Every structure is written in C-alpha cells, then in structure tokens.
K.L.:
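So that we are looking at the same thing, I have put the structure below in structure tokens.
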Amino acid sequence: SEAERRAQTDPLTGVLNRRSLLERLEAACVQARDRGQPLSLLFIDLDHFKGINDRHGHLAGDACLRAVIAPIQAELRASDAIGRYGGEEFAVILGGADAAAAEAIARRIVERVAGLSVDGFGETIRLTCSIGVAALEPQEDQGERLIARADAAVYAAKGFGRNRVQLAAPAVA
C-alpha cells in the first residue's frame, strides 16, 4: 500500500530509509548464510558534502542527494537494494555478489557519480563519492558488522584521497 511504501522510504531520495535498509540487510544476511551464497555491501559517502551545503545551501545539498540516486541505480540489478543510511551516506545490498563483483560495481558507480553535475544553484556543482566494499564472511552474524567494516573502508578511501573504492578489512572473529 501507499502508506507502507512511505513508511519504508526516505522522503527526500525515494530509496529505502535506514530502518528498512537494516531490516532488508539482516534478512539478506540470513538468506545468504542459509544458501551458502555471497553477499556484499557498498557503503557510499558523498565527498565534501558539508562544503556543498555551506557554499550553496541546503536546497543544493538536497538536489545533490537526489541526483546521485539514478547513477547508482544504473549499476544495480532489480534484486539489489539501496537505502539512505544517514546524511550523505547510502548503502547498497548486493545479493549473490562476492567482493570482486561488488568492487567492480562500486568502481562503475564512482565513475558515474564523478560524471554528474548539478545546476541551478549558482556555479555547477560537481560530485564525487567514496565507497567502502565489504563481503559477508562466514563468522559474521549481523548485518551491522558488515556495515561497520564497509564504513571503516569508506574512511580509508577518504584518507587515500577520496573519489575511490576501498575493500574492507576481513572480519575479526
């Protein structure tokens, strides 16, 4: 129903909201473990987003958040799920994708986002993103641990210069 859809989506971007994303991730982790299939998570963070808001205003920031959705979705399959984790952070659940496949998808997303421009707020706004990639490991029992590893990889990507993909470190048992 329409009310159910609104309860599950982020009103600004139209993708899953954080709660729905986390629920979907937990279910995907259980399914992947039960079936012995790979699962990967992309954690996407827009680079220098605070500067966009500070320089161009929050309406421009909102326009940028909406604008990145199409380039991300262009690289996803119908079975994949994207959600807004918070602020300028998005997560993508890639069922059936190992780390190598997820890394290739992430690299294409980085290229697509870097080719994006947002107009209508003074000068053209160019966007880039950093992506952390984490693949589910046998000893992981929660989607939140997968998110934590992918998030740590995003921080590493930013430390290495931004506008790049970084694979997550293996899970610690």
Side-chain angles (χ1 to χ4, degrees), residues 1-47 49 65-66 68-113 129-160 162-173:
S1 74
E2 180 63 21
E4 200 172 70
R5 186 195 63 76
R6 280 195 313 257
Q8 294 175 350
T9 58
D10 173 61
L12 179 64
T13 61
V15 299
L16 293 173
N17 62 29
R18 183 178 178 146
R19 181 180 49 83
S20 296
L21 174 73
L22 293 175
E23 288 171 359
R24 186 92 48 106
L25 178 59
E26 290 303 329
C29 286
V30 168
Q31 183 177 22
R33 280 192 304 271
D34 288 350
R35 295 181 179 177
Q37 296 177 333
L39 173 82
S40 292
L41 182 86
L42 306 182
F43 202 87
I44 304 168
D45 191 299
L46 298 184
D47 296 328
F49 187 74
L65 291 172
R66 285 189 298 271
V68 299
I69 300 303
I72 294 169
Q73 287 178 326
E75 294 299 333
L76 304 182
R77 303 162 296 178
S79 59
D80 298 330
I82 179 175
R84 186 171 175 201
Y85 191 75
E88 72 277 10
E89 299 169 329
F90 298 89
V92 176
I93 304 165
L94 301 171
D98 62 11
E103 182 180 18
I105 292 166
R107 289 191 189 289
R108 291 193 304 268
I109 290 170
V110 164
E111 289 174 14
R112 282 185 183 266
V113 171
C129 67
S130 298
I131 304 179
V133 178
L136 186 68
E137 295 184 8
Q139 69 271 30
E140 285 182 302
D141 59 352
Q142 293 179 330
E144 288 189 15
R145 291 184 184 183
L146 193 62
I147 288 174
R149 289 194 306 112
D151 187 34
V154 165
Y155 280 97
K158 289 183 177 289
F160 290 128
R162 293 179 163 73
N163 193 31
R164 59 180 293 138
V165 175
Q166 181 68 42
L167 289 174
V172 177

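None of these values were measured; they are calculated from a predicted model. In what follows, residues are counted from 1 in the order of the sequence shown.
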K.L.:
Is there a donor-acceptor pair under 3.5 Å between the side chain of E75 and the backbone N or O of R108?
P.N.:
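Such a contact is absent between E75 side chain and R108 backbone.
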K.L.:
Are the side chain of R149 and the backbone N or O of A169 linked by a donor-acceptor pair below 3.5 Å?
P.N.:
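Yes; judged by distance alone, with no hydrogens or angles, the pair exists.
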K.L.:
Tell me the closest heavy-atom pair linking L39 and G95, and the distance in Å.
P.N.:
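Here L39 and G95 meet closest at CD1-CA, 3.6 Å.
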K.L.:
Under the side chain to side chain contact (heavy atoms under 4.5 Å, CB included) rule, collect the residues that match up with D80, sequence neighbours excluded.
P.N.:
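D80 satisfies side chain to side chain contact (heavy atoms under 4.5 Å, CB included) with L76, R77, L94 once adjacent residues are dropped.
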K.L.:
Any side-chain heavy atom of L16 sitting closer than 4.5 Å to one from I82?
P.N.:
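A side-chain contact under 4.5 Å is absent here.
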K.L.:
Do V165 and L42 come within less than 4.5 Å of each other through their side chains, counting heavy atoms only?
P.N.:
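They are not in contact (no side-chain heavy atoms under 4.5 Å apart), so the answer is no.
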K.L.:
Are any of the side-chain heavy atoms of I147 and Y85 separated by less than 4.5 Å?
P.N.:
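They are in side-chain contact.
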K.L.:
Can you measure from CG (L12) to CZ (R84) and round to the nearest 0.5 angstrom?
P.N.:
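The CG atom of L12 sits 5.0 Å away from the CZ atom of R84.
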K.L.:
What closest approach, in Å, do A7 and N17 show between heavy atoms, and which atom pair accounts for it?
P.N.:
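Looking at all heavy atoms of both residues, the shortest contact is O-ND2, 2.8 Å.
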K.L.:
Would you compute the distance between atom CD1 of I131 and atom CG of N163 and round it to the nearest 0.5 angstrom?
P.N.:
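Spacing of CD1 (I131) from CG (N163) equals 9.5 Å.
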K.L.:
So for atom CD, which belongs to Q73, do other residues, nucleotides or ligands contribute more than 12 heavy atoms lying within a distance under 6.0 Å?
P.N.:
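Counting neighbours around CD of Q73, more than 12 heavy atoms of other residues, nucleotides or ligands fall under 6.0 Å, so yes.
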K.L.:
So, S130 and D47: side-chain donor and acceptor under 3.5 Å apart, yes or no?
P.N.:
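Looking only at side-chain atoms, D47 and S130 do form a donor-acceptor pair, the distance falling under 3.5 Å.
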K.L.:
Would you say R112 and I72 make side-chain contact, with heavy atoms under 4.5 Å?
P.N.:
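Of all side-chain heavy-atom pairs linking I72 with R112, none is under 4.5 Å.
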K.L.:
CZ/R107 to CZ/R164 distance, rounded to the nearest 0.5 angstrom?
P.N.:
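Going from the CZ atom of R107 to the CZ atom of R164 covers 7.5 Å.
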K.L.:
Can you name the nearest heavy-atom pair linking I69 to L65, along with the distance?
P.N.:
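Looks like CG1-O, 3.6 Å.
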K.L.:
What pair of heavy atoms forms the shortest contact from E144 to E26, and how long is it?
P.N.:
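The answer is N-OE2, 3.5 Å.
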K.L.:
One thing to verify: whether E23 and R19 come together as a salt bridge, which I'm taking to mean a side-chain N less than 4.0 angstrom from a carboxylate O.
P.N.:
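Salt bridge: yes.
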K.L.:
Could you grab the distance from atom SG of C29 to atom CZ of R24, nearest 0.5 Å is fine?
P.N.:
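Result: 13.0 Å between the selected atoms.
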K.L.:
Using side-chain heavy atoms (C-beta onward) and a distance below 4.5 Å, is V110 in contact with C129?
P.N.:
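The answer is yes; the side chains approach within 4.5 Å.
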K.L.:
Where do Q142 and R33 come nearest, in terms of heavy atoms and distance?
P.N.:
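Smallest heavy-atom distance, with atoms named: N-NH1, 4.5 Å.
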K.L.:
Do the side chains of E2 and R5 get close enough for a salt bridge, i.e. N-O under 4.0 angstrom?
P.N.:
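Yes, this pair counts.
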K.L.:
So which atom in A156 and which in Q166 form the shortest heavy-atom distance, rounded to 0.1 Å?
P.N.:
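Minimum heavy-atom contact is CB-CG, 3.9 Å.
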K.L.:
Check the pair S20 / T9 against side-chain contact (heavy atoms from CB on, under 4.5 Å), numbers first and verdict last.
P.N.:
CA-CA 7 Å; S20 296; T9 58; over 6 Å; no
K.L.:
With I44, which of V154, V68, V113, V92 fulfils side chain to side chain contact (heavy atoms under 4.5 Å, CB included)?
P.N.:
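Running side chain to side chain contact (heavy atoms under 4.5 Å, CB included) over V154, V68, V113, V92 with I44 returns exactly one hit, V92.
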K.L.:
Are side-chain heavy atoms of L41 and L136 found at a separation under 4.5 Å?
P.N.:
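No. Closest side-chain heavy atoms not under 4.5 Å.
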K.L.:
Does anything in residues 88-98 pair up under salt bridge (charged side-chain N to carboxylate O under 4.0 Å, His left out), and if so which pairs, sequence neighbours excluded?
P.N.:
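Every pair satisfying salt bridge (charged side-chain N to carboxylate O under 4.0 Å, His left out) with a residue in residues 88-98: there are none.
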